[in-house]
Amino acid sequence: SSGGKAAVEMARLIKSLTAALDRSDVLLEGARRSGMEVSEALLKQGEGQESLVKAKVAVHAFQVGAVSKPVTEGLAIAGETYQAGETALKERRFRRIGLAFSLGAILATIIGLRLAIRMIEGRPEEATQ
């Protein structure tokens, strides 16, 4: 029946929004635990959750169009927040690489200083007469 088809379509829309928000939540939480600044994206994620609630409420109108609008808005928000999470994780990787290079340079300097000190200490002192 047409009502059954509409119900299946509305359920599909809501499931797609739920899945997109869940993916974004996982990514943002990982970035947050890594110490990256994602508070703005997390606030935006709240707007996505509001869209999900609106979509679930719109089911009672028994019209696919009423559910489709908040789902579309929510999917756009989920896409933005997912992208923000990916950007934060890329920045984290970049910072870690920079840290590795910095530590390597510091270690090389320490080794060089240590060798220079050994060379200076190993030279025989000139006799003063």
Side-chain angles (χ1 to χ4, degrees):
S1 71
S2 64
K5 289 179 184 177
V8 168
E9 180 63 19
M10 289 186 287
R12 185 192 65 77
L13 289 170
I14 290 174
K15 283 182 183 179
S16 69
L17 178 56
T18 302
L21 289 172
D22 288 346
R23 266 194 338 264
S24 184
D25 276 339
V26 168
L27 192 65
L28 289 174
E29 182 60 25
R32 187 193 64 77
R33 275 185 279 132
S34 296
M36 303 307 297
E37 176 56 40
V38 290
S39 60
E40 188 174 320
L42 288 171
L43 286 175
K44 191 101 171 148
Q45 188 75 357
E47 293 175 22
Q49 294 294 336
E50 288 177 21
S51 293
L52 178 61
V53 170
K54 288 177 185 177
K56 287 180 178 180
V57 169
V59 167
H60 299 290
F62 300 108
Q63 294 178 359
V64 175
V67 175
S68 179
K69 183 182 177 198
V71 166
T72 303
E73 293 170 359
L75 287 173
I77 291 170
E80 290 173 21
T81 57
Y82 187 84
Q83 185 63 38
E86 281 188 333
T87 302
L89 290 178
K90 284 180 185 176
E91 184 180 340
R92 181 191 70 175
R93 276 183 238 119
F94 178 75
R95 288 181 180 184
R96 286 185 175 180
I97 291 170
L99 177 63
F101 281 124
S102 298
L103 289 175
I106 291 169
L107 185 60
T109 303
I110 290 172
I111 291 170
L113 287 172
R114 184 90 171 160
L115 291 173
I117 290 171
R118 282 188 180 175
M119 284 178 50
I120 291 171
E121 288 177 349
R123 288 186 189 160
E125 293 184 26
E126 294 180 20
T128 56
Q129 292 182 353

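Bear in mind that the values here come from a model prediction, so they are computed numbers and not experimental data.
Both Leu21 and Val59 belong to a single network of hydrophobic side chains, linked directly or stepwise wherever heavy atoms of I, L, V, M, F, W or Y lie under 4.5 Å apart. Taking hydrophobic clusters as Ile, Leu, Val, Met, Phe, Trp and Tyr residues chained together by side-chain heavy-atom distances below 4.5 Å, Ile77 does not share a cluster with Leu52. Linking Ile, Leu, Val, Met, Phe, Trp and Tyr residues whenever their side-chain heavy atoms come within less than 4.5 Å leaves Tyr82 and Leu42 in two separate clusters. Cluster annotation: Leu89 is not connected to Leu28 through the hydrophobic network of ILVMFWY side chains, with a link wherever side-chain heavy atoms come within less than 4.5 Å.
In summary, Arg95 and Glu91 engage in a salt bridge, as defined by a charged side-chain N under 4.0 Å from a carboxylate O.
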side-chain contact (heavy atoms from CB on, under 4.5 Å) for Leu103 and Leu107? Distances and angles first, verdict last. CA-CA 6 Å; Leu103 289 175; Leu107 185 60; over 6 Å; no
Should Ser51 and Gln49 be marked as a side-chain hydrogen bond (donor to acceptor under 3.5 Å, both in side chains) after you check the CA-CA gap, both sets of side-chain angles, and the distance that decides it? CA-CA 5 Å; Ser51 293; Gln49 294 294 336; over 6 Å; no
If you apply the rule side-chain contact (heavy atoms from CB on, under 4.5 Å), what do you find for Glu121 with Ile117, and how did you get there? CA-CA 6 Å; Glu121 288 177 349; Ile117 290 171; 3.6 Å; yes
Between Arg33 and Glu29, is a salt bridge (charged side-chain N to carboxylate O under 4.0 Å, His left out) present by the stated rule, with each step listed? CA-CA 6 Å; Arg33 275 185 279 132; Glu29 182 60 25; 3.7 Å; yes
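Between Val8 and Arg12, the closest side-chain pair of non-hydrogen atoms is not below 4.5 Å. Taking 4.5 Å as the limit, some side-chain heavy atom of Arg114 sits within range of a side-chain heavy atom of Arg118. Two residues are said to be in side-chain contact when any heavy atoms from C-beta on lie closer than 4.5 Å; Leu13 and Thr72 fail this criterion. Within the 4.5 Å cutoff, no side-chain heavy atoms of Leu115 are placed close to those of Met119. Between Ile110 and Ile106, some side-chain heavy-atom pair lies under the 4.5 Å cut-off.
Going from atom CD of Gln45 over to atom CG of Asp25 covers 4.0 Å, rounded to the nearest 0.5 Å. Here OG1 of Thr81 is found 11.5 Å from CD of Glu40. Values are rounded to the nearest 0.5 Å. Rounding to the nearest 0.5 Å gives a distance of 14.0 Å between CD of Gln63 and CD of Glu9.
With Glu73 contributing its side chain and Leu75 its backbone, the two residues share no donor-acceptor pair below 3.5 Å. Remark: the backbone N or O of Ala20 is not paired with any side-chain donor or acceptor of Ser24 at under 3.5 angstrom. Thr109 places a side-chain N or O within donor-acceptor distance of the main-chain N or O of Ala105, the cut-off being under 3.5 Å.
A pairwise comparison of heavy atoms in Ala55 and Val71 identifies CB-CG2, 3.7 Å as the closest pair.
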